[in-house]
Visitor: 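After the structure tokens below, expect a handful of questions from me.
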Amino acid sequence: MAKKGKFFLVTGIILVFVFVLVYVGVNMTSNLGKTKTQVSADDAAKRLTKLYNNISVTKDTPVKGQIDLDPVDLAESLPDISKFPITVDNTTNNFVEIFSSPEKSGTGVDGWLTDVATEFNKANILVDGKPASVKIRNIASGTAVDFMKSKKYIPDAFSPSNELWGEMVKAGGIKTQLVSKRLVGNVPGIILSKKKYDALVEKYGAVNVKSVTEAIANNEFSMGYTDPFASSTGLNFLVTALNTFDSSKILGDKAVQEFEKFQANIPFTASTTIQMRDAAKSGMLDGFVLEYQTFVNASELKSGYEFTPFGVRHDSPLYAIGDLPQAKQEIIKKFADFVVQDKYQKAAQKNGFNNLEDYKSEMKVPDGSLLTAAQKIWKEKKNGNKPIAAVFVTDVSGSMAGEPLNRLKESLLKGQKFLGRDNSIGLVSYSDDVTINLPIGKYDTNQQSMFVGAVNSLQANGGTATFDGVVVALKMLQDELAVNPSSKPLIFVLSDGETNEGHTLKDIKSLIEAYKVPIYTIGYNANIKALENISGINEAASINADTDDVVYKIGNLFNVQM
């Protein structure tokens with residue numbers, strides 16, 4: 001018995017000792033984790049200062065330039081229509097041209113309408129005794145509306161993702177006739193990680209726009225959505241949210257105030273669906289918006305996410321546009337009848353369409369003028385009480401001489417009209433060394449004039465120290481945040497992507513990650529992959545400027561982010 005008692009005593013002492021070790025270890029680990037996080041922030045600040053001090057930085061005396069106070073000329077900013085591909089060409093002289101949204105007029109799983117239109121053109125369908133055909137142009141719905149409203153290019157027919165865009169065309173003074181409410185079925189939805197979905201169900205009883213917006217307003221999870229000026233799903237989500245806040249007056253004070261509260265906790269508005277999906281894959285977001293057809297075809301989303309429908313259905317309506325001859329009207333009607341044949345609708349289902357057929361929207365399609373007003377409110381309120389502080393980092397190395405630098409200047413001079421007045425901006429240029437051409441300042445008329453003057457004075461010469469320019473921009477932004485801590489920092493790098501001097505991406509990548517500053521890149525005759533590597537660090541967009549639509553793309557980018 002004595003031995004047995006001794007055994008239990010020793011065992012008890014060992015257990016207590018182990019408990020103490022585990023307890024102390026856990027607390028030490030916890031404290032070490034906290035210390036490490038704090039040290040990491042301190043180290044980042046010290047490292048940034050050290051890197052900055054090793055760079056040759058000069059400061060220009062700002063010179064004012066002549067500013068243009070006229071509003072943005074939409075037609076002028078739009079690219080040539082040829083930049084948007086014809087996926088099916090007409091096979092006869094008796095034809096109509098149809099603007100179609102990309103999810104159905106591309107290739108592969110996004111090529112349903114492309115395939116059906118090809119079959120239509122082979123079918124020898126007669127109108128006025130002559131064979132008829134269609135031409136399909138692949139163009140995003142928001143961009144298509146811009147072309148029509150500006151009257152730069154008007155097709156014979158239009159098949160956007162949803163009826164919201166048709167209403168906006170109508171509100172723009174363009175004659176619009178709804179030929180078919182549905183060519184193929186689709187539904188927009190909120191995509192949530194299963195863990196977050198279950199948590200919302202447990203707390204709110206259901207997942208819908210009301211519970212999601214309430215949870216976001218309470219800062220319970222991170223969600224992103226796409227640009228409501230360009231994206232069908234983004235526009236749909238905006239008006240659905242406003243309708244949820246106050247269905248009796250979706251642009252009234254109550255709805256706008258609730259929207260501001262909700263928007264204050266939105267960390268991310270994506271310029272494109274691809275950018276948003278990449279942010280979700282990185283773990284940056286708990287939720288985002290997407291069409292069902294895209295969702296079911298995205299293998300990486302099938303196992304870890306739940307889809308919840310919202311808003312107006314995306315059933316690809318078909319509109320006749322303008323004062324068309326009777327023959328063209330007849331071709332459009334025959335095409336609408338052709339695509340709804342059973343074999344084509346079954347083919348659509350294989351591509352992810354015609355699912356969730358039981359879903360019906362509780363919201364009626366709003367008037368186009370109301371939709372335009374909703375976009376305007378979004379532009380004014382999207383940053384809440386967090387004004388943007390942005391630094392434009394411009395490549396003026398010898399490789400940018402001539403046409404690349406001229407296009408860079410044009411991009412900034414035309415794009416600056418999209419910069420909000422509540423934001424603050426600065427300008428940096430780099431070659432062998434770095435110049436602060438314009439310190440960060442609020443974008444009032446005076447700062448705008450100095451920004452224009454600084455852009456006009458840029459000249460190309462010397463080597464390419466891209467990452468030295470980024471370091472200087474980071475330092476400027478950290479100094480700005482010390483004075484205005486509520487600001488949201490952004491960097492825009494305009495470059496050919498090549499770096500042959502100064503620091504490397506490896507040298508500063510940890511700093512970019514530590515400060516979490518999105519770096520948007522715009523490439524001119526560029527190594528696009530190198531620029532995408534920079535933007536990819538904090539899930540920002542990268543634009544290839546080697547197309548005529550660079551001004552339009554940059555305008556959209558600034559419209560979303562600034």
Side-chain angles (χ1 to χ4, degrees), residues 71-75 77-78 101 139-152 158 160-174 176 188 209 213 223-247 249-264 266 268-273 275-276 289 310-312 314 361 363-384 388 415 417-423 552-562:
V72 175
D73 186 331
L74 180 58
S77 71
L78 285 165
S101 53
I139 183 169
S141 300
T143 304
V145 170
D146 283 346
F147 269 99
M148 286 182 271
K149 287 174 71 173
S150 70
K151 297 182 173 60
K152 184 168 183 174
F158 179 35
S161 298
N162 60 42
E163 291 183 60
L164 302 176
W165 299 112
E167 291 299 316
M168 291 184 73
V169 174
K170 191 186 302 181
I174 307 296
T176 306
V209 173
T213 52
M223 178 178 165
Y225 61 96
T226 40
D227 173 14
F229 280 84
S231 162
S232 298
T233 311
L235 176 62
N236 203 343
F237 183 78
L238 170 63
V239 295
T240 304
L242 289 167
N243 183 71
T244 300
F245 299 141
D246 187 353
S247 59
K249 195 173 184 181
I250 72 171
L251 297 183
D253 290 342
K254 179 185 175 184
V256 173
Q257 287 169 8
E258 289 295 317
F259 173 75
E260 283 189 274
K261 185 180 176 184
F262 153 78
Q263 187 67 23
I266 291 289
F268 188 70
T269 304
S271 301
T272 66
T273 299
Q275 182 193 355
M276 186 178 57
V289 298
F310 75 85
V312 174
H314 283 201
S361 174
M363 180 180 72
K364 292 182 179 179
V365 177
D367 176 79
S369 58
L370 188 147
L371 293 167
T372 302
Q375 287 179 322
K376 185 178 179 182
I377 284 176
W378 178 82
K379 172 67 175 171
E380 293 172 352
K381 306 292 185 182
K382 63 184 172 65
N383 292 324
I388 300 296
K417 287 193 173 188
F418 293 90
L419 305 179
R421 293 292 181 184
D422 291 333
N423 300 319
Y552 182 71
K553 284 183 177 178
I554 289 177
N556 285 343
L557 178 63
F558 291 172
N559 196 47
V560 175
Q561 305 303 337
M562 298 288 289

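This one's a predicted model, so the numbers in the text were calculated from it and none came from an experiment.
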Visitor: Heavy atoms, side chains only, cut-off 4.5 Å: are Q375 and L371 in contact?
Guide: no
Visitor: Please round to the nearest 0.5 Å and tell me the distance separating atom CG of N243 and atom CG of L251.
Guide: 10.5 Å
Visitor: Kindly compute the distance separating OG1 (T233) from CG (D227), expressed to the nearest 0.5 Å.
Guide: 11.5 Å
Visitor: Side chains of F259 and L238: closer than 4.5 Å at any heavy-atom pair?
Guide: yes
Visitor: When rounded to the nearest 0.5 angstrom, what is the spacing between CD in E260 and CD1 in I377?
Guide: 9.5 Å
Visitor: Spell out, as yes or no, whether a donor-acceptor pair under 3.5 Å connects the side chain of D246 to the backbone of A255.
Guide: no
Visitor: Holding to side chain to side chain donor-acceptor pair (under 3.5 Å), I want the full list of residues that pass it with T143, two or more places apart in sequence or in another chain.
Guide: Y552
Visitor: Which atom names give the shortest non-hydrogen contact between A171 and S369, and what distance separates them?
Guide: CB-N, 3.6 Å
Visitor: How close do W165 and S232 get, counting heavy atoms only, and between which atoms?
Guide: NE1-OG, 2.8 Å
Visitor: Is any side-chain heavy atom of L242 less than 4.5 Å from a side-chain heavy atom of M363?
Guide: no
Visitor: From K152 NZ over to S77 OG, what is the distance, rounded to the nearest 0.5 angstrom?
Guide: 7.5 Å
Visitor: Roughly how far apart are F262 CZ and M223 CE, rounded to 0.5 Å?
Guide: 6.0 Å
Visitor: Quick one: does any side-chain atom of K381 pair with a main-chain N or O of Q263 as donor and acceptor, under 3.5 Å?
Guide: no
Visitor: In terms of ring plane angle, is the pair F310 and F237 parallel, tilted or perpendicular, where the classes change at 30° and 60°?
Guide: perpendicular
Visitor: May I ask you to decide if V312's main-chain N or O and N236's side chain share a donor-acceptor pair within less than 3.5 Å?
Guide: yes
Visitor: Would you say S150 and D146 are linked by a side-chain donor-acceptor pair, where the criterion is simply a distance under 3.5 Å?
Guide: no
Visitor: With rounding to the nearest 0.5 angstrom, report the CE to OG1 distance, M168 to T372.
Guide: 3.5 Å
Visitor: Give me the atom names and distance for the closest heavy-atom approach of K254 to F245.
Guide: CE-O, 3.4 Å
Visitor: Considering all heavy atoms of both residues, which atom of V209 and which atom of A241 are nearest to each other, and what is their separation?
Guide: CG1-CA, 4.0 Å
Visitor: So V145 and F158, do their side chains get closer than 4.5 Å, heavy atoms only?
Guide: yes
Visitor: Could you pull out all residues at least two apart from N162 that satisfy side chain to side chain donor-acceptor pair (under 3.5 Å)?
Guide: H314
Visitor: Keeping T176 on the side-chain end and G166 on the backbone end, is there a donor-acceptor pair under 3.5 Å?
Guide: no
Visitor: Grab the two heavy atoms, one from G234 and one from S231, that are nearest each other, plus how far apart they are.
Guide: N-OG, 3.0 Å
Visitor: So, using salt bridge (Lys or Arg N to Asp or Glu O under 4.0 Å) as the criterion, who are the partners of K170 when residues are at least two apart?
Guide: E167
